[in-house]
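For reference, the structure is listed below as structure tokens.
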Amino acid sequence: MANSLTIEKIDAAYGAVRVLEDVTLDVKSGETVVLLGTNGNGKSTLIKCIMGMVRPSAGSITAEIDGVRHNLAKLTTEQIVELGIALVPEGRRLFPKLTVEENLLLGAFRPTARAQMKHNLEFCLECFPVLRERARQLAGSMSGGEQQMLALARALMLAPKILLVDEPSVGLAPILVSRTIDKIKELKDKYQLTVLMAEQNFHQAIRIADRGYVIVHGKIAFKGDTAEELNNNDLIRKFYLGL
Amino acid sequence: MRTPFFFIIALVVGAAVFGVALWKGGDYTFYAGYVVLQFIVLATAWNILGGYCGYVNFGSAAFFAVGAYCSVALHKFDPTKPLELCLSVWIPFTEIGFRACSTLNVSFLSPIFPLPIPALIVFGGLISGIVGLGMGYLTLRLRGAFFAIATLALAVVLQTMVVNWDYVGGSRGAYIIRPSELTFAGIKLGYIQYLFLIMMLLSVIALTLARLIERSRLGYGFATIRDDELAAEACGVPTLRLKLIATTISGMLMGMAGAPFPYYIGYLEPGTAFGLSYGVNSIAMPMIGGTTSWVGPLVGALIVATLQQWVTVTISSEWGVLIVGLLLIFFVIIAPKGVVGLVQATRRRFKTGEH
């Protein structure tokens, strides 16, 4: 079944500050698309627009879930989550004073996800064996890498169709970044997810991306149709890597 | 423990306390006990929004006073007289609505007036629940200190309105003459004993409700809001709706605690009803007891309110406020998670054998 995401010509602003300008982007079914950009260029805002946490002032955001089209700009965040679009927020954003297991169960807060909570929990713990050992531990007491795994697992509790990952590398040691990225790839293959990942770490992100976009000052500066194209582009070297 | 079972146990404990007070204590026991029970309800109510959701409400006094003034208004309400008297405060706002009201004849209601206290509690709870919902809509975009300031402002606004509402006494205050005793199913009961009993029942209801919320999905939803609101949204928790539920329940319980108050005090004026001590006490008690479970506000209210009552009769009533301040400083330093947190930590230490 097709699960895709189409963003057309959206503008977004925080009060008078314009953050996104005429952004057009699409993620086709089963793809991993990476959204590259340094700090303050609008990556997280774009993700928040998709989740309905920030409302774009113009343009449209549509998602196709199991072949049915939905206009996300008209739905609330809860409804978007209910559709099967899960977000792994930037900086993990766990519930530090709840246990690992409680964090996971909260991932299944919406009715459809709750119906298969036990089944999904078992799946998550299979994917992330470390979380099974730590089920009773407080989430805030785990290491950064484990917390990132928990954040991913929590999103999986929704049995999502489309997974949005906002900067999984934040605050992690290089080896853990690499492991996290591998895990996203593994999950994507296992569950046939459609993935949109915002990331700063160019070299890591490009390892698993099918294609990507570079966002500079709220505009799409470059669209690479293959990972290769992104890798060998002069614009990227100049704008993004500063070479 | 299942909720109905807990409710019955709490009822039995409450009845036992009442029995002991009746057997051993004099009238003073009931006067002091009423205040302690009232603070148990207030602290529990505050904790639903402040402890479970993490939204610090400084305006507890406003909800308490809404409940109290609701009772005053209903107590003074005489269905055989024209309605315009009681609506005097609203005249500048709604001339037309007021004219429409003045043609209404509600004298058919006179057999049920004056209303009994349980009915007043229901009314008080209803109105302050609505005020809570309204406050939620207006202020829940704010967080942290800004939310606290907004709730404090709500108390000031409501107090100004009551001061200008002549029907309930305005700034002069209102006298409520209560009967000295009443007959209840053939048993003669002093009025203060009756009020005590009602407040006891209310505390049991409040504690049961708080415990039920804590263990339900609603409670988990509240905890996610407290821990990280953005992550809660990403999980699909309908944060705004849950926060509105919390402000409504919290406001409702506070109003219910306030409804019998005019009958207790006998003379109510805005300065008393909106007193800062209600706001401060209902924050301090859960903080001292521990905010994450229903036990915290109960323990905190028992400790602080009892101490205050004791200090009031032995030293002076002014010292009561000082005691709260000192206790709060003490607990913030020694036990930031309150008595409940302290007990849990000690128990854990004993289990693992550390010293």
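The shown structure was predicted, so the numbers you read here are calculated from the model rather than taken from an experiment.
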Nearest heavy-atom contact between B:Tyr220 and A:Glu102 is OH-OE2, 2.9 Å
Worksheet item: Crowded around B:Arg217 CZ? As in, over 12 foreign heavy atoms under 6.0 Å?
Response: yes
When the 4.5 angstrom heavy-atom criterion is applied to A:Arg114 and chain B, the contacting part is side chain
For A:Leu94 and B:Asp228 the tightest heavy-atom approach is O-CB, 3.9 Å
Tell me if the OH atom of A:Tyr14 is crowded by more than 12 foreign heavy atoms within 6.0 Å. yes
Smallest heavy-atom separation, A:Val81 atom then B:Glu233 atom, equals CG2-O, 3.8 Å
Note: vs chain B, highest number of non-hydrogen pairs under 4.5 angstrom among A:Arg154, A:Arg92, A:Lys48, A:Met157 is A:Arg154
- Report, as yes or no, whether the 6.0 Å neighbourhood of atom CZ on A:Arg132 holds more than 12 heavy atoms from other residues, nucleotides or ligands. yes
- Task: Tell me, yes or no, whether the heavy-atom count around A:Lys183 atom NZ, taken from other residues, nucleotides or ligands under 6.0 Å, exceeds 12.
- Result: yes
- prompt: Hey, is NZ on A:Lys188 packed in by over 12 heavy atoms from elsewhere, all under 6.0 Å?
  reply: yes
Between B:Pro238 and A:Arg110 the two heavy atoms that sit nearest each other are CD-NH1, 3.7 Å
Closest non-hydrogen contact found for B:Asp227 with A:Phe95 is OD2-C, 3.2 Å
Margin query: Counting only heavy atoms not in A:Lys74 (residues, nucleotides, ligands), do more than 12 fall under 6.0 Å from its NZ?
Written below: no
So, the part of A:Pro89 with a heavy atom under 4.5 Å from chain B: the answer is side chain
Nearest heavy-atom contact between B:Ala234 and A:Met53 is N-CE, 3.8 Å
Most contact-rich option vs chain B, by heavy-atom pairs under 4.5 angstrom, among A:Leu106, A:Leu105, A:Thr77, A:Leu87, is A:Leu106
Greatest number of non-hydrogen atom pairs under 4.5 angstrom with chain A, of B:Thr224, B:Leu230, B:Thr239, B:Thr292, falls to B:Thr224
Bottom line for A:Gln79: the part with an atom under 4.5 Å from chain B's heavy atoms is neither
Review point. In terms of heavy-atom contacts, does CZ of B:Phe58 have more than 12 from other residues, nucleotides or ligands at under 6.0 Å?
Key: no
